[in-house]
Novice: 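Here it is, the structure, as structure tokens.
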Number of protein chains: 2
Amino acid sequence: MSDRRAQRHEATRQEILEAAWALARERGLTGWSLRDVAESVGMRAPSLYGYFDGKDAIYDAMFAQGYEQLLARLDELPTRGDPAEVLGRGAHAFVDFCVSDPPRHQLLFQRVIPGFEPSAESYALAREVLSRLHAILADLDLDRPGTVDLWTALLTGLASQQASNDPGGDRWTRLVDRAVDMFLASELTRA
Amino acid sequence: MSDRRAQRHEATRQEILEAAWALARERGLTGWSLRDVAESVGMRAPSLYGYFDGKDAIYDAMFAQGYEQLLARLDELPTRGDPAEVLGRGAHAFVDFCVSDPPRHQLLFQRVIPGFEPSAESYALAREVLSRLHAILADLDLDRPGTVDLWTALLTGLASQQASNDPGGDRWTRLVDRAVDMFLASELTRA
DNA sequence: GTCTATAAATGGATAGAC
DNA sequence: GTCTATCCATTTATAGAC
């Protein structure tokens, strides 16, 4: 029975997080309050403290959840085969992931919330993503020092410009294939 | 005498803006209040309304100032000559500009402040930067559609990753030359 | 587990005296 | 031009009743 209680508790936690994400998408990553979240789930603000230690704890759970979602996307991708195909699929998946949820992009990849730092547990997920990325590129014989960093800079740059300067459009997302070709040509000639 | 008054007024405006920048660098772009700014310049909060219409007006002036600073940097750069040289100088200048002041980077290139939109006058400066960039690249015969956008994505990506994930270090800034070579090789082969 | 009530602080902004 | 005083709203968070 404690099991059922724990399940219900966890379900409510997820409801709260989903409400927070929805508000972030509507009003910006920092444009909502605990009262707003509480109202969205039919509660009063103090009741949230039964599920989270405070607003930063909610941000931390969102941070972890965002990276878990990214890891799930990476799991669906092919990791071997033609480098252009593997990188192209990965690039589109990643940029889509970022552009489809700008506040998530800000939370995961930019330092936007004054005072907020992810917990060690949450940050470990971020490192896991990096580690997977490194493994994928290494499998393609792209493992010069800095290659992963150049790759992430290129993709987050495209995504960030798209979200900030042409929300809803495709001015930068349509450059993804060109960026992949550029990256691959450059890296392969020196591999 | 009205001239002297206007000069003093403008000087105080600059003092206020400089205090706001300093606070933004210390506590994050949104981590300060009008009271904080006022205290920094030896005033009380209401007195600021003699110089700005409110907090968003300060953000707007900062936005304009940031782009004016960027335009000034661009003015110091060579715009003709060896493409690798021109692009390399420009890339280093731009990334340094971004990394040296992360909150400025957020204000100019990311949508971070809930509800804030730059005024038409301020936004015109942003378009002026883009226009200059376009002219520089066109002079180098790099004027395919999308070339400017790929360039800005690459450079803001490097700068953003550097500021967010290795503040004070050089993990991404040291990739600037490599990024320039990559970009130039790719663009020249199709020009 | 959720509520009311409230603390305690902070925020942007305005009115009116000097 | 700057101040004091204050408004009014908002925020995170806690105490304690039910």
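Order of the sequence lines sets the chain letters (A, B, ...), proteins ahead of strands, with each chain counted from 1. These numbers come from the heavy atoms of this one structure, side chains and all, not from hydrogens, waters or symmetry mates.
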Novice: Have a look at S47(A) and say if it touches a base, only the backbone sugar-phosphate, or nothing, with a 4.0 Å heavy-atom cut-off.
Specialist: base
Novice: In residues 51-63 of chain A, which residues come under 4.0 Å of DNA chain D by heavy atom?
Specialist: G54(A), K55(A)
Novice: Round to the nearest Å and state the distance from H9(B) atom NE2 to dT2(D) atom C1'.
Specialist: 13 Å
Novice: Just checking F63(B) against Y59(B), ring centres under 6.0 Å apart?
Specialist: no
Novice: Just verifying a value: how many Å separate H105(B) NE2 and L29(B) CG, rounded to the nearest 0.5 Å?
Specialist: 12.0 Å
Novice: Verify the ring-centre separation between F109(B) and F97(B): is it less than 6.0 angstrom?
Specialist: no
Novice: Rounding to an integer number of Å, can you tell me how far R35(A) CZ sits from dA7(C) P?
Specialist: 14 Å
Novice: Round to a whole Å and report the spacing from CZ of R13(A) to C1' of dG1(C).
Specialist: 16 Å
Novice: Rounded to whole angstroms, how far apart are CE on M43(A) and P on dT12(D)?
Specialist: 16 Å
Novice: Over how many whole Å does the gap from R5(A) atom CZ to dG1(C) atom P extend?
Specialist: 7 Å
Novice: In chain order, what residues pass the salt bridge (charged side-chain N to carboxylate O under 4.0 Å, His left out) check against D96(B), with sequence neighbours excluded?
Specialist: none
Novice: What's the CZ-C1' distance between R44(A) and dT12(D), to the nearest Å?
Specialist: 17 Å
